[in-house]
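A short write-up of the structure that comes next.
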Amino acid sequence: MKHLAILPLAALAFAGCKEEPDDPIIPNEEEFISTVKLELIEAQTNDTLWFQFTDLDGDGGNDPVISIDTLSTGSIYQANLYLLNETETPADSIHNEVEEEGLEHQVFFQFSSNDLSISYSDSDTDGNPIGLETEWETNNETQTILTLTLRHEPNKDAPGVADGDISQAGGETDVEVDFPIYIK
Amino acid sequence: MLFSLAGKGQDCKIELSGRVFDQDTQEGLPFASIYLQESRQGTVSDSLGYFRISGICPGDYHIVFSHIGCESLSLFLSLKKDTLIQAKLDHHQHVLQEITLESEREAFETQSQSKIGKSEIESKASQSLGQQLERLPGVEIIQNGEGVAKPMVHGLTGNRLLILNQGVPLVGQQWGQDHAPEIDPVTGNELRVIKGVGAVEYLGSTLGSVVSLEPGVIVQEPHLHGKARYEFQSNGRGHGLLLKLQKRPKKFGWRFTANLKRSGDNHSPDYFLNNTGQALGSFALHSVYVLKDWSFKANLSSFINEIGILRGAHISNLTDLESAFTQETPYFTEEDFSYVLDAPRQWVAHHTFSVSGKYIPQERHEINVKYALQLNSRKEFDVRRSGRTDIPALFLKQTSQFIEAKHAYYFSENLRLSSGIQHQYILNTNQPETGILPLIPDYVSNKMGIFSKIAYDHNDLAVSLGGRGDFEAQNIASISNSIPREIIRYQNQFFGFQAMAGGSKRFGESIELGLNFGLAQRNPAVNELYSQGLHQGVSGIEEGNPDLKPETGQKISFDLVYEKEHDWSVQVSPYHQIIDDYIYLNPTGETRLTIRGAFPVYAYEQTRARIMGFDLTSGFGLGETWHGNFSYSFLKGQDLSENQPLIYMPANRALLSLNKEVQSIFGFKHLEIEGRIKHVFKQNHLNPDQDFLPSPDAYTLCGISFSADRKMGKGDLKVNLEVSNLFNVKYRDYLNRLRYFSDEIGRNFRIGVQYSF
């Protein structure tokens, strides 16, 4: 019966077990994008308009908060896109990562209106657009929905992609937000 | 089953005699060959299975029993006197079974079982557990590509399917469609599926079926034996290497298994499936030691597996998913073959250490104790920004321990009472370097259970009755998904019970009936209670439900076997299962708006479910050397509360195989050629609003295989060749998530060469 010694030995192994898990270490979500900010600077007046989409608690939880501005007819705007992680203090500037990896990223702007046109003003090292800097031109009064999409690893050589056509781009979506656009 | 009785004898006048039985029918097995390797003496059993070899000199002999269609076994015996041997060959399953002190007794089973033997497992050494089991009726696989295949039995998988590895419940990350069991089937000698109503003696046995990978017996044999096998597979250009060594001089025996595999991109009929390679290394050491009334076993196994997931299936939000549907070839498809494993990929390591002791203090008692430690580690890599692709997006570590004590008391040879007590401890922790909020929280689970089962088995009748009770305490520490992040703790306690009753009876020579009833509860698992966030495996936001109750299932199964000698047999096994509070991941149809766009929301919900169906198998002989097998599985799952189909239920399927065996030709023996046709019907039992896409069309696949072996030096050379998806059919399967993105793999040639000594 001495071989029953296996039992207390095994019991000993269990003695080292935890009753409950330790406090988990809260991960540093450095990749997380909480905020999309579009800054539109009117070419002549230098008036600045802001479009913002904020979702601090990420997937799930509370709904995101969206704020918008109104564009003027017959104007030209220089637009800058900022991607931030505002859960950190100071906020992380994710758009810098996107710019550094310009070859692997592209921002697309989709809308259905002839009274707005958006063209790329920046480019990656291959001469293809990134889309962090754009030029917006307005015509007549209108309203539309603008879908702003950041794609990771799109195929920038696919037809139309360099001109801002997302349909053949592929890749994963890192950002996709909708803004209502009013031109008055 | 082997035992010997010794008699009198003199120099070179020893007589070896006995009888070879068919394990299933208990009848003598005619034309089995019995061969003494050292003296080159041999004979063939007569029409009743009897044999006799006389004029044997005293000495040590390797005695080989073989029969066409069975695996030959080499038994080592020291012959000093006239000896009588009874051998039971498992003729139908192509497996030879022996029983010695350390093996489990097999009788007293009333439920229908199917199994895959050693040679069949080894001939497909590079395949996963799911792919190995898929050949059995009633067993399907639920997949996330070729490399991630989870077995599903009678419509139940994951947390509901108990997998035993050498008698120890496998504890890993069984949740999620994208987590395959962390186990290499080739480290065992037999795969068994109990498709019944649940086996009360196992902790974690819940609502039905049990898959068991069994070590088999290390046969007593003073010399080193082993085998080496190389395999090449054309699709994915995979190479596989299997090495097995074993030795058992007397009281101590061991077996070492090493299995390595490396493959690259698979190919569908039209294009490469980029990033679908695999790298696998698995090692196992089994040992046994017999000391008086005790036998001890110690097992050590390591399983390390790295799997690439189709690049084009790594999508983000609903827009990406819908755009992937419109693609003829998946995004990121390249023209060239590659062995590279990039993100998205999984890296999984699972180590198991177990010791067990069996003690037979006196004839009527049998005591078993077992301890097991399992260490599991899982990393999943996604495509990420700024070099973070090399940082896992999910990283879980798990430690689990298992202890069990069992006692069996034999009132008589035919009546057995077995009871036992078990305890399982699990610690599951997320590693914080992911930089992503974990999908499932950290937890500790302690589960204790007791069972008792009484079984009677005499002549034509087997009856069993059993019950078990379980207690589980879960301690959870999760991170809130609100800002600021906080730690939230939960504690749960669950009591559960299980009961089963069954019987089987043989009527005359050819009919056997079995009836089993089981009632069982399953606690909600931690992932079902507390998942939160984006789950890449389902491309959606997964929401746990802390209010889930245990589910209660009742299953009734019926088996009818008709057997007309070796000419024709048929088995029909209908079953009916009702699960109250059935927990499932419901695609709610809602979408959640995030900064990355809209994602579909999947929520854990409960309903009353019914799964019913039947498995039909038939074997038939055509002339002397042709043999055929037909099987058909029918299953229907219904959500009774919502009165709609259950999702992710397997489509009905039929399988026909024909094989021809030739005793010997050109120095080769056991030539076997087999043709197979598999037809999988379309899953029509599904409403259009229950999935993004309609279920894929029905498909038919054909395959052929050929195997032969011959003596070479002191050992045996075995060659096999297999072609699957012979006609390079383009198809998609309802239970593979990659059906949204790509076709299944096309034609594949597999060539294996094995030398055993």
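To find a chain, count down the sequence lines: A is the first, B the second, and so on, and within it residues start at 1.
- Remark: the backbone N or O of Thr594(B) is not paired with any side-chain donor or acceptor of Asp55(A) at under 3.5 angstrom.
- Here the closest non-hydrogen pair linking Ile26(A) and Ile479(B) is CA-CD1, 4.0 Å.
- Among residues at least two apart or in separate chains, ring-ring contact (aromatic ring centres under 6.0 Å, His included) pairs with a member in residues 62-95 of chain A are Tyr82(A)-His95(A).
- At a heavy-atom separation below 4.5 angstrom, chain B is approached by no residue within residues 113-137 of chain A.
- Only the side chain of Ile487(B) comes within contact range of chain A, with at least one heavy atom under 4.5 Å from a heavy atom of that chain.
- Note: Arg311(B) leads Gln327(B), Arg311(B), Gln491(B) in heavy-atom pairs under 4.5 Å with chain A.
- Taking both residues in full, the closest heavy atoms of Gly171(A) and Phe332(B) are given as CA-CZ, 3.6 Å, listed atom of the first, atom of the second, then distance.
- With a threshold of 4.5 angstrom between heavy atoms, Gln532(B) does not approach chain A through any atom at all.
- A pairwise comparison of heavy atoms in Asn475(B) and Pro21(A) identifies O-CD, 3.3 Å as the closest pair.
- Contact between Ile595(B) and Ile33(A) at its shortest, heavy atoms only, is CG2-O, 3.4 Å.
- Distance check: Glu20(A) CD to Leu427(B) CG gives 11.5 Å after rounding to the nearest 0.5 Å.
- Using a 4.5 Å cut-off between heavy atoms, Thr35(A) touches chain B through its backbone atoms (N, CA, C, O) alone.
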Quiz item: Could you walk me through whether Glu172(A) and Arg596(B) pass the side chain to side chain contact (heavy atoms under 4.5 Å, CB included) check?
Solution: CA-CA 10 Å; Glu172(A) 282 104 31; Arg596(B) 280 174 294 176; over 6 Å; no
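- Within the 4.5 Å cutoff, no side-chain heavy atoms of Asn430(B) are placed close to those of Pro24(A).
- Heavy-atom pairs under 4.5 Å with chain A peak, among Ser445(B), Gly435(B), Pro432(B), at Gly435(B).
- Per-residue heavy-atom pair counts under 4.5 Å with chain B were compared for Ile25(A), Asp23(A), Thr173(A), Val175(A), and the maximum is reached by Thr173(A).
- Listed for the Asp442(B) side chain is no donor-acceptor partner under 3.5 Å among the backbone atoms of Asp22(A).
- To the nearest 0.5 Å, atoms CG (Asn28(A)) and CD1 (Ile436(B)) are separated by 11.5 Å.
- Heavy-atom neighbours of chain B within the stretch residues 141-165 of chain A, taken at a separation under 4.5 angstrom, comprise Arg151(A), His152(A), Glu153(A).
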Show me the donor-acceptor pairs, under 3.5 Å and distance only, between side chains in residues 387-396 of chain B and residues at least two apart or in other chains.
from: Arg388(B); atom 1: NE; to: Glu30(A); atom 2: OE2; distance (Å): 3.4
from: Arg388(B); atom 1: NH1; to: Glu97(A); atom 2: OE1; distance (Å): 3.3
from: Arg388(B); atom 1: NH1; to: Arg385(B); atom 2: O; distance (Å): 3.4
from: Arg388(B); atom 1: NH2; to: Glu97(A); atom 2: OE2; distance (Å): 2.6
from: Thr389(B); atom 1: OG1; to: Arg384(B); atom 2: N; distance (Å): 3.0
from: Thr389(B); atom 1: OG1; to: Arg384(B); atom 2: O; distance (Å): 3.1

